[in-house]
Amino acid sequence: METLTSEMILVMVMIGIAVFLFIVEWVRVDVVAIIMMVSLPLLHLVTPKEAFIGMSSNAVISIIAVIIIGAGLDKTGLINRLVGPILRVAGTSKSRVVVAISVTVAGISSFMQNIGAAALFLPAIQRISKTTKIPLGQLLMPIGFSAILGGTITLVGSSPLILLNDLLEPFGLKPFGLFDVTPIGLALLAGGLACFILLGRFILPKGSMESDEGASQSPLENTLAEMGEAYEIQTPVNYTDYREPVLVDDVKRRYLVNVLAMTEPPDFKVLSPTGDQEVRSDVHLLVYGRRKDVQRMVEVEEMQLKESPEIFKGETEEGTSGAVEAVVAPRSPLTGKTLREINLQDRFQVTPLAIYRGEEAYRAEIGDVPLAVGDAVLIHGEWPRLQVLQHERSLLFTTPIDVELLRPEKAIFAGFWLAVALSMILLFNIQLSVGLMTGALGMIITRVLSIDEAYQSVDWRTIFLLAGLIPLGIATEKTGTAAWIAHTILNVIGDVQPIVLLTIIGVLSTIFTLVISNVGATVLLVPLVVNMAIAAHVDPRMAALVVGLATSNSFMLPTHQVNALYMGPGRYRSVDFMKAGIVISIVFIVVMIGMIKLIYGI
């Protein structure tokens with residue numbers, strides 16, 4: 001074994017400082033990485049070129065490109081379109097809902113940052129919880145864990161796996177392909193889901209719909225719940241035969257149902273129709289109201305209620321339209337005027353749903369109610385039109401419109417450029433970073449994203465964290481520190497079977513990733529375990545792969561970004577993550593080692 005040198009001691013001190021700062025969080029993790037990037041060349045542990053080589057590394061460029069591609073998919077609403085078909089397949093069974101959404105989230109997470117996939121589905125999961133009456137706490141944790149597990153399905157699913165090939169390069173080891181980890185990742189996902197399906201009653205918090213609704217709903221959400229939701233109905237072909245004309249105002253007055261949109265022959269859509277427009281035969285209506293009121297109207301008027309919007313599917317997506325509460329402010333020019341006089345529907349193509357004045361609520365004949373200072377008007381419409389109304393400043397919006405406007409017309413371009421990027425990598429053997437950046441650039445050129453939106457989508461903290469820690473890994477290997485630590489550990493544990501060594505590495509990686517970032521754990525551990533494997537005559541690529549996978553084994557604490565995101569809405573406590581996380585972590589290590597042995601024959 002090599003003699004311990006002053007350089008080795010210095011590197012171990014720097015590693016200790018980095019780990020300590022990661023744990024105590026006196027400064028942000030990306031600042032810690034920058035400290036390492038600057039300090040190492042000053043201490044002559046790496047050259048200036050090596051200190052900043054991380055900024056141009058294949059891993060960093062790949063992560064930037066993956067984030068931009070994910071932002072493009074999000075911007076077009078392409079991923080949100082999956083929710084409807086998933087629900088139709090899953091029905092109301094808790095197990096089917098969990099499996100269907102978890103598999104979908106994991107699949108998306110395999111090609112974009114898992115926090116992005118988890119965030120995209122949060123509103124949909126909340127709606128599903130209300131619809132199926134399944135407590136939110138029993139849905140979010142399995143789905144959140146699946147988003148993390150989805151990051152192990154491909155080599156671009158998580159930062160540690162993207163980084164893996166760069167860390168293997170100094171050792172001259174063969175790099176992993178994009179789908180080399182897929183069988184292992186799918187097995188990990190299956191194992192995690194099996195745990196929740198078989199043991200969910202023991203490891204998941206019970207929760208209740210009442211606590212979910214009371215804790216998570218805002219006043220506006222409570223108001224909207226009282227008002228009902230959107231439904232699509234179709235009038236019969238003989239609807240206007242042998243009867244007096246039925247106007248939009250008649251529907252609202254008779255049934256307390258608002259008409260948000262309607263079709264006109266041959267295939268026109270009229271948004272926010274005025275009260276004097278006639279409801280014709282064989283047309284589709286998008287209405288907003290309580291289910292019992294809508295069903296009463298359908299029965300009396302002999303209409304057909306659709307299970308879910310079809311013609312108006314795009315108009316009902318959360319990123320396309322919604323409801324806001326606007327208050328008549330002091331000195332507003334609208335004071336004393338009625339909604340009919342203001343003519344919001346004609347001017348802005350939005351639909352007023354109700355007026356709230358103190359404890360009173362007006363839902364019928366609201367067009368003739370003179371507005372007073374302090375009146376709250378509930379308005380439904382497409383987000384761009386609501387923004388135009390907000391900018392007029394005649395009403396004070398109490399719910400700011402911060403919804404990101406989607407570009408559904410660009411969905412085909414987003415899907416095309418994702419396919420191009422994957423084809424370049426798989427079929428033409430083009431380097432990962434080049435293929436992914438081609439896809440990202442294609443989305444910018446075809447205006448799926450603007451260049452400014454692309455820059456804003458990138459989490460630069462992650463980029464500097466990764467780039468700043470790469471020189472620490474270089475210093476660990478270059479000075480012989482990794483080899484010295486590896487031999488010391490092997491002397492302590494003695495001769496062990498390869499499967500035992502890989503299990504020890506998996507447990508060590510899991511412990512590290514609970515207290516420091518998964519990127520930091522990967523950079524610090526890969527040089528160490530590669531040297532351990534070489535000394536123990538075990539395949540060093542498998543040792544590095546265990547680290548790349550096991551640093552995603554972060555379930556026992558709410559420190560992972562996905563766990564932190566779901567902790568509030570799910571009303572989870574730290575002990576809830578401990579209870580479920582311990583089981584999932586054990587299953588993770590067992591399945592991971594078992595699959596590596598099965599596939600690679602260690």
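Position 1 is the first residue of the sequence; numbering continues from there.
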**Study point:** Y455: partners by ring pair (Phe, Tyr, Trp, His ring centres under 6.0 Å), with sequence neighbours left out
**Key:** none

**Study point:** Ion pair check, D576 and R573, cut-off under 4.0 Å
**Key:** yes

**Study point:** Pair listing, ring-ring contact (aromatic ring centres under 6.0 Å, His included) test, anchored in residues 574-602, at least two apart
**Key:** Y572-F577

Study note, to complete from the structure: Residue pairs meeting ring-ring contact (aromatic ring centres under 6.0 Å, His included), one or both in residues 497-555, sequence neighbours left out, come to F145-F555

Among all residues two or more places apart in sequence or in another chain, which pass the side chain to side chain donor-acceptor pair (under 3.5 Å) test with [X]?
X	answer
K478	E50
D180	none
S102	S146
T522	T551

Practice item. Output, in order, the C-alpha distance, side-chain angles, deciding distance and verdict of salt bridge (Lys or Arg N to Asp or Glu O under 4.0 Å) for R407 and E453. Key: CA-CA 13 Å; R407 300 188 183 114; E453 288 169 336; 2.9 Å; yes

List the residues meeting side chain to side chain contact (heavy atoms under 4.5 Å, CB included) with [X], not counting sequence neighbours, and say none if there are none.
X	answer
A475	V11, L40, L45, V46
T104	L82, I86, I108, F121
I593	I499, L502, T503, V546, I589

Could you give the distance from [atom1] ([X]) to [atom2] ([Y]), rounded to the nearest 0.5 Å?
X	Y	atom1	atom2	answer
I61	M55	CD1	CE	8.5 Å
S129	Q138	OG	CD	9.0 Å
I67	S62	CD1	OG	11.0 Å
R571	L140	CZ	CG	11.5 Å

N/O donor to acceptor pairs below 3.5 angstrom from side-chain atoms of residues 163-172, sequence neighbours left out:
unit_1, atom_1, unit_2, atom_2, d
N165, OD1, F176, N, 2.8
N165, ND2, F176, O, 3.0
D166, OD2, N58, N, 3.2
D166, OD2, A59, N, 3.2

Revision key, fill the gap. Which of L149, N114, L189 passes side chain to side chain contact (heavy atoms under 4.5 Å, CB included) with S109? It is N114

Exercise for review: Would you kindly say whether N553 and S585 are connected by a side-chain donor-acceptor distance under 3.5 Å?
Suggested key: yes

**Study point:** Steps toward side chain to side chain contact (heavy atoms under 4.5 Å, CB included) verdict (I69, L418)
**Key:** CA-CA 7 Å; I69 289 173; L418 173 62; 4.0 Å; yes

Practice item. Provide the full list of side chain to side chain donor-acceptor pair (under 3.5 Å) pairs with a residue in residues 586-595, sequence neighbours left out, each pair given once. Key: none

**Study point:** Side-chain (T76) to main-chain (K410) donor-acceptor, under 3.5 angstrom
**Key:** no

